[in-house]
Undergrad: 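First, the structure itself, so that you have it in front of you.
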There are 2 protein chains.
Amino acid sequence: MDNRAKILSCALQLFATRGYDAVGVQEIVAAVGIAKPTLYHFFGSKEGVLQALLTEHFAEQYERVKQAAVYRGDLPLTLNQIATAYFQYAGDHRQFYRMQLSMWFGPANSTAYKAVSRLNEKQHQLLEDLFARASKDHGNLRGRQRAYAATFLGMINTYIGLSLNGYADLSDELVQQAVHQFMHGIFS
Amino acid sequence: MDNRAKILSCALQLFATRGYDAVGVQEIVAAVGIAKPTLYHFFGSKEGVLQALLTEHFAEQYERVKQAAVYRGDLPLTLNQIATAYFQYAGDHRQFYRMQLSMWFGPANSTAYKAVSRLNEKQHQLLEDLFARASKDHGNLRGRQRAYAATFLGMINTYIGLSLNGYADLSDELVQQAVHQFMHGIFS
DNA sequence: CAATCTGTGTACCGAATGGTACACTCGCGT
DNA sequence: ACGCGAGTGTACCATTCGGTACACAGATTG
C-alpha cells in the first residue's frame, strides 16, 4: 500500500471515530508515519483528503444502489433490492458508512456536511426518480416523491445506524419487514 | 438576559449550525460580546458550556417524555403520546434538537457524543422499561425491548431530522401513522 | 551523463486554539 | 465605611492549527 492509500485509510479511521473537525492534519500524518508535506503533495489540503475519501468510496456505493434501483413495475421488490444494497454496502464498509452518516446528520454549516451534501443529493435524486416512475403504476403521488425518498432513505440510514451501534442486525428479514412497513405507511 | 444565559444561547446556536469541534471559545465570546474569562468564570471550560447546555435543556425534554410514557395498558396510545411529546419538544426547541441529533449520530469517540450518550441512555431506558412493562399485555417480547426501544427512538429521530430539513412536517397524522407503522412492524 | 519529475523529510510560518494570571468594578451584607 | 465575593476586561501563556519553502533522494528519460 503506497502512502496515498495509507493516508486515506488512516484519515477514514480517524474521521469516522472522532470526527472531521476534531482530527488535525498533524495527527493523520503521525498515524501514517509520514511528514506533513507528503499529505499536502497528494491532496493539497485537509479538505482535499476528505473529498478524495468521499468521491472514491461513494462511487462504488452509488453504483450498487443504482443497479438495485431499476424499476420493473414492482415497487416493493425494487425497494427491497435498494435496501439490501445499502445494508450490504454498509456492512462491507462500516467505517466509511459511519463517517458518511455522522456527516449527513451533522450541522448544516459544517465543512463535512457541505462535502457530503452533493452525494446525498445524488442518492436522493435516484430514489425520487424511482418513486416518480412508480407513481404511474401506484396512482398519483401528488408530489410526494420527495418526501417518500427522504423517508425511505432516512429509514434505511436509521437501521444502519442502529446496526453500527449494535442495536440491530441487518438481516434479510429486517429488509422485508422494513420495506413492508414502508409500503404499508404509504398506502393507508 | 444575563451573560451566563447569553453565552448558553450563543453557544447553542453556533454548536447547532457549525458543530462543537468547529466552534472556538473565542468565537463564542465574540458573538456574545464579552471577554473569555467571563465564559470560564461560569463554565470552567468549553466542554462545561456544552454540559450545561445539555443538562439544562434536556431536563425539560425528559420530563415531557416521562409524563407521556406512563403505561396504562394501551401501548399504541402511550407510543402516540411519546411521539407527540418528542415532536412537540423538537418543534419548540429546534436548535437544541438539531444539536442533540447531530451529536447522537456523531462519531462515537468525539467529545460531543460522549456528552450526549448519558442523556440518550436515559431516554433509551425509559422506552425499554415501557416495552418491558407492556410485554405482559402484548406477549413475551423475548428480550426485544432493547431493540424496540432503539428502533422507536430511531424512527422518531428520523422524522424529526426530516422535519428540521424541510422534508416533512410533524403533524398529528404523522404521529398516528408512524406509531401504527411501528406496531404493525412488531406484530407481523 | 545530465535533466527532470515524483515523492519525501526538515524546518518553519502566521494565526488560532483552549486556558489563565491578575487587576479591577460593582453590589451586598455588616 | 468596610470588606468580600461575584463578575468582567486586559494581556498573556503554551500548544496546536492548517499550510509552505526548500532541499534532496531516487527513478525515469533524453
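Just so you know, these numbers come straight off a predicted model, no measurement behind them. Just so it is clear: chains get the letters A, B, ... in the order the sequence lines come, proteins before strands, and each one is counted from 1. Below, each value reflects all heavy atoms present in this structure, side chains not excepted, and no hydrogens, waters or symmetry copies.
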Undergrad: Once rounded to the nearest 0.5 Å, what's the spacing between atom CG of B/L8 and atom CZ of B/F15?
TA: 9.5 Å
Undergrad: Donor-acceptor check, side chain of A/S163 to backbone of A/Y159, threshold 3.5 angstrom: yes or no?
TA: no
Undergrad: Measure from the side-chain N and O atoms of A/K66 to the backbone N and O of A/L126, and report whether any donor-acceptor pair falls under 3.5 Å.
TA: no
Undergrad: Of all of residues 36-49 of chain B, which get a heavy atom below 4.0 angstrom from DNA chain C, listed by number?
TA: B/K36, B/P37, B/Y40, B/S45, B/K46
Undergrad: Return the set of residues passing salt bridge (Lys or Arg N to Asp or Glu O under 4.0 Å) with A/E63 (not counting sequence neighbours), or none when no residue passes.
TA: none
Undergrad: Rounding to 10°, can you tell me the angle the first-five-pair axis of the helix from C/dC1-D/dG30 to C/dC28-D/dG3 makes with its last-five-pair axis?
TA: 10°
Undergrad: Determine whether a donor-acceptor pair (N or O, by modelled atom type, separation under 3.5 Å) exists between the side chain of A/K6 and the backbone of A/A31.
TA: no
Undergrad: Quickly work out the A/D2 CG to D/dG26 P distance and round it to whole Å.
TA: 19 Å
Undergrad: Just jot down the side-chain contact (heavy atoms from CB on, under 4.5 Å) partners of B/K36, sequence neighbours excluded, or say none.
TA: B/V25, B/Q26, B/V29, B/Y40
Undergrad: What range of DNA chain C does chain B touch, first nucleotide to last, counting atoms under 4.0 Å from its heavy atoms?
TA: C/dT17 to C/dA21
Undergrad: Within this structure, what is the CD-OG distance for the pair A/Q177 and A/S171, rounded to the nearest 0.5 Å?
TA: 8.5 Å
Undergrad: Which residues within residues 22-30 of chain A lie with some heavy atom under 4.0 Å of an atom in DNA chain C?
TA: none
Undergrad: Would you check if there is a donor-acceptor pair between the side chains of B/Q125 and B/D129 at a distance under 3.5 Å?
TA: yes
Undergrad: Any donor and acceptor pair, going by atom type alone, linking the side chain of B/T55 with main-chain N or O of B/Q51 inside 3.5 Å?
TA: yes
Undergrad: Using 0.5 Å steps for rounding, measure from the CG atom of A/N120 to the OH atom of A/Y113.
TA: 6.5 Å
Undergrad: Rounded to the nearest Å, what distance is computed from the CG atom of residue B/N3 to the C1' atom of nucleotide D/dG7?
TA: 8 Å
Undergrad: Evaluate the ring planes of B/F96 and B/Y89, with Trp represented by its six-membered ring, and classify them as parallel (under 30°), tilted (30 to 60°) or perpendicular (over 60°).
TA: perpendicular
Undergrad: Classify the angle between the aromatic ring planes of B/F131 and B/F152 as parallel (below 30°), tilted (30 to 60°) or perpendicular (above 60°).
TA: perpendicular
Undergrad: Please determine, by modelled atom types, if A/D92 and A/Y97 share a side-chain donor-acceptor pair under 3.5 angstrom.
TA: no
